[in-house]
Asker: 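Below is one structure. I have some questions about it.
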Amino acid sequence: MIRLTQEPIDYFALTECVRLPNCGAVVTFLGTVRDLTGDQVTVALDYEAYPPMAEKKIAEIIEDARSKWPIGKIGVVHRLGYLTVGEISVGVAVSSPHRAEAFEACRYIMDRFKELVPIWKKENWADGKTEWVHPGSETTPTS
Amino acid sequence: LDFLLSLTIQIRLFARFREVLGRDMIRLSLPFPERVDEIRKRLQTEYPELTALIDRSAIAINGEYAQNDQMIQEKDEVALIPPVSGGSNKDIGE
């Protein structure tokens with residue numbers, strides 16, 4: 001299952017959708033909006049995607065993971081829009097016959113996701129300034 | 001007499017590009033045939049204030065990270081992909 005959504009992520013449903021009788025392990029990772037980056041205080045993040053490409057890249061990452069580990073099912077959900085501190089921005093669930101593969105595959109999928117999937121976030125700092133996170137960039141607040 | 005062929009493409013913009021330029025699509029006329037990396041150079045000429053970010057951005061053609069020497073085709077869907085949080089996209093397409 002691959003999904004980009006404006007709605008809160010139902011992590012129970014995400015986890016349930018990968019469960020299988022032949023899989024003795026399910027790993028679910030959730031990424032949430034953190035309140036601090038260094039000493040800067042975050043109030044919220046805005047997430048923006050290039051949806052068709054994002055879905056295509058996620059599908060490729062899933063196929064890639066399947067070629068490396070014996071995986072039952074994989075679910076990937078990313079939320080878009082305005083998320084306040086503590087809300088869930090991304091969820092990855094993986095099932096596998098044994099736990100080691102489920103842990104490794106889940107981590108691999110999330111790591112590749114952060115490198116390849118065209119989804120961006122904008123920091124909404126506590127002082128009212130905002131800033132798109134484009135790593136390697138000179139940090140110039142845009143408002 | 002030489003015929004000068006040209007190509008007009010639309011480039012999708014996201015994140016800081018979309019916000020700084022105030023729109024989600026820009027048009028660019030290029031000679032035809034032309035390489036993908038010429039898009040970066042042309043955008044840097046038109047928007048010098050975005051030079052550093054354009055340098056670190058990938059170009060996507062039809063939803064795939066494009067190689068710099070790839071040739072642009074008439075109906076291509078082109079997008080400017082600034083770095084995502086996992087690292088610089090430019091390394092991926094090259």
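All chains are named by letter (A, B, ...) in the order of the sequence lines, taking the proteins before the strands, and each is independently numbered beginning at 1.
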Asker: For B:Arg35, is the CZ atom crowded, meaning more than 12 foreign heavy atoms sit under 6.0 Å from it?
Answerer: yes
Asker: Are A:Met110 and A:Ile9 linked, directly or through other ILVMFWY residues, by side chains that come within less than 4.5 angstrom of each other?
Answerer: no
Asker: Would you mind reporting whether A:Lys122 and B:Glu19 have side-chain heavy atoms less than 4.5 Å apart?
Answerer: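 Yes. Closest side-chain heavy atoms under 4.5 Å.
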Asker: Please say yes or no: joined through hydrophobic side-chain contacts below 4.5 Å, possibly via intermediate residues, are B:Ile26 and B:Val36 part of one cluster?
Answerer: yes
Asker: Starting at CG of B:Asp24, measure out to OH of A:Tyr50 and round the result to the nearest 0.5 Å.
Answerer: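 Interatomic distance, B:Asp24 CG to A:Tyr50 OH, rounded to 0.5 Å: 11.5 Å.
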Asker: Cluster question for you: counting only ILVMFWY and a side-chain heavy-atom cut-off of under 4.5 Å, with indirect links fine, are A:Val90 and A:Tyr11 together?
Answerer: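 No.
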Asker: Quick check: closest heavy atoms across B:Ile81 and A:Trp120, and the distance to 0.1 Å?
Answerer: CG2-CZ2, 3.6 Å
Asker: Taking C-beta and beyond as the side chain, do B:Pro83 and A:Trp132 meet within less than 4.5 Å on heavy atoms?
Answerer: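 No - every pair of side-chain heavy atoms lies 4.5 Å or more apart.
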Asker: Tell me whether A:Arg34 at atom CZ has more than 12 heavy atoms from other residues, nucleotides or ligands lying less than 6.0 Å away.
Answerer: no
Asker: Using a 6.0 Å cut-off, check whether atom OH of A:Tyr108 has over 12 heavy atoms from anything other than its own residue.
Answerer: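 Counting other residues, nucleotides and ligands, OH of A:Tyr108 exceeds 12 neighbours.
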Asker: State yes or no: do B:Leu21 and B:Ile59 share one hydrophobic cluster built from I, L, V, M, F, W and Y residues joined by side-chain heavy-atom distances below 4.5 Å, directly or via other members?
Answerer: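 Yes; tracing contacts between hydrophobic side chains, which count when under 4.5 Å, links both residues.
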Asker: Counting only non-hydrogen atoms closer than 4.5 Å, does A:Glu55 touch chain B with its backbone (N, CA, C, O), its side chain (CB onward), both, or neither?
Answerer: neither
Asker: I need the minimum non-hydrogen distance between A:Ile119 and B:Val84, along with the two atoms involved.
Answerer: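 So the minimum-distance heavy-atom pair works out to O-CG1, 3.5 Å.
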Asker: Does some side-chain heavy atom of A:His134 sit less than 4.5 Å from a side-chain heavy atom of B:Leu53?
Answerer: yes
Asker: Side-chain contact test, heavy atoms from C-beta onward, threshold under 4.5 Å: evaluate it for B:Glu64 versus A:Lys57 and give yes or no.
Answerer: yes
Asker: Less than 4.5 Å to any heavy atom of chain B: does that hold for the side chain of A:Ala54, its backbone, both, or neither?
Answerer: neither
Asker: For the atom pair CE (A:Met53) and CZ (B:Phe14), what is the distance rounded to the nearest 0.5 Å?
Answerer: 9.0 Å
Asker: Taking a hydrophobic cluster as the set of Ile, Leu, Val, Met, Phe, Trp and Tyr residues connected by side-chain heavy atoms closer than 4.5 Å, whether directly or through intermediates, do A:Ile62 and A:Leu30 fall within one such cluster?
Answerer: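 No, A:Ile62 does not connect to A:Leu30 through the hydrophobic network.
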Asker: side-chain contact (heavy atoms from CB on, under 4.5 Å) between B:Arg18 and A:Glu48: does it pass, once the steps are laid out?
Answerer: CA-CA 11 Å; B:Arg18 182 182 54 70; A:Glu48 176 177 328; 2.4 Å; yes
